[in-house]
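To start, the structure under review is shown below, and the notes come after it.
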Amino acid sequence: MRTKSLKWMMGISLAAMAIGVLTGCGTTKQPVPISPSSSNATSTTALSPKIKVVAAENFYGEVAQAVGGDRVAVTSILANPAQDPHDYEPTADASKAVADAQVIVYTGIGYDDWMDKLLNADSSAKTKEVVVVGSDLLGKAAGDNPHVWYDPSTMPKLANKLADDLSKLDPDHSQDYQKRAKDYVATMAQLAAKVAKIKQSTPVTIDVSEPVFDYMGDALNLKVNDPKFAKAVEEGNDPTASDFANVQNDIKNKKIKLFVYNTQTDSPTVENIVKLAETNGIPIVKVTETEPTGKNYIQWMSEQLDQVGKVFGIQ
Ligand SMILES: [Zn+2]
C-alpha cells in the first residue's frame, strides 16, 4: 500500500517536471544550469592550470608530453595501431578534446582532413596554437607524401616549435620547455646516428606496399622502383595490372634488395606480393603507420631501422 502511494506521488512529481520542461522550452532564453561538475572543472583548472594539448597522431603527442612535462595534459586521437588513420572519422570525444585544447598538433597536407574540419567549425580556433607539421615544419603541401614523421628531422623540429608555443602560453615556465625540448632533441641523436650508419653510399632499389616509410627510405638512400603501386594501395585502390606485374617482376628478377610492408592495412594484393617476396627470398621490412602500443618513437623507429640494417649486414 505504501509503495503504491509513493508511486502515485512520483507520478505526480514527474508530471509536474514534464510541465516545467515544456514551460522552459516555451521561453525565449534557456537558463544556463550551474551544475556541480562545471564548477568543479573551473576550480580544478584554477588549481592546476595544465595546458591542454591535442595531437591528431600519437607520435606527436609523445613529443608534446616530453616537452610539456607536468605542465601539459596531452590527448592523442589516433593511438590505436589496429586502425587505418586514412579512414578515421572523429568521435564526439575527439571533437570535444579539440574544442577544449589550447595547442593542436596534426600532420595536415591532406592526411588528417578531419582536423581541418573540426578547427574550421571551432570559433575558438584562432586563440589556439596550431602546429601543422607537414606544411609549417617541413614545407610540404597537399599532394606530397604525408607520412612526414618518418623524416628523421621532423621530431626535433616539432620539439623546438612546441617549446616556443608553450612558452607563449606559459612564459613563467619557458626555460623548462626549452630545456626539455633540448633534452628530447639530444635523445634523437641516437636515431640520426643509426640512420647514418645504415645509409647506403649508392642508391639501392626497393619496393614498398605503401609510401609510409619513404622519407626514412630517402634518408637511407633507398629508391622505390614502382611508387605507383604503393600510391594505389595507400589510396585504397587496386594497383593497375601493369603496376602489379612490375612489382612481381622486381621480386622474381631480384631487382629489389628488400620490400617494405605496412602491416597496418590489409590488402589481398599486398598479401600476395609479400608471399611472393618470401618465396623468392626477398627480405620483408615490416613497418606501421602509427606508433605501436607500448613503444616510444625512438624504439619504434629503431626496430624498423634495425630490420633494414640486417638486410645490409649492419647491426
Ligand atoms: Zn598512410
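Every number for a ligand or one of its atoms is a count from 1 in the order of the listing. Predicted model, so just to flag it, every value in this text is computed and none were measured.
With salt bridges taken as basic N to acidic carboxylate O contacts below 4.0 Å, none links Arg180 and Asp183. With respect to the salt-bridge test (charged N to carboxylate O, under 4.0 angstrom), the residues Lys194 and Asp306 qualify.
No side-chain donor-acceptor contact under 3.5 Å links Tyr150 to the backbone of Pro211.
By the criterion of a separation under 2.8 Å, the protein N/O/S atoms near the Zn ion (ligand 1) amount to His86 NE2, His147 NE2, Glu234 OE2, Glu289 OE1, Glu289 OE2.
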List the atom pairs, donor and acceptor, that lie under 3.5 Å between side-chain atoms in residues 96-108 and the rest of the protein, sequence neighbours left out.
{"unit_1": "Lys96", "atom_1": "NZ", "unit_2": "Asp100", "atom_2": "OD2", "d": "2.7"}
{"unit_1": "Gln102", "atom_1": "OE1", "unit_2": "Lys52", "atom_2": "N", "d": "3.0"}
{"unit_1": "Tyr106", "atom_1": "OH", "unit_2": "Asp116", "atom_2": "OD1", "d": "2.6"}
{"unit_1": "Thr107", "atom_1": "OG1", "unit_2": "Glu57", "atom_2": "OE1", "d": "3.1"}
{"unit_1": "Thr107", "atom_1": "OG1", "unit_2": "Tyr60", "atom_2": "OH", "d": "2.9"}

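Linking ILVMFWY side-chain heavy atoms closer than 4.5 Å, directly or via other members, places Tyr184 and Tyr177 in a single hydrophobic cluster.
The ring of Phe213 has its center no closer than 6.0 angstrom to the ring center of His147.
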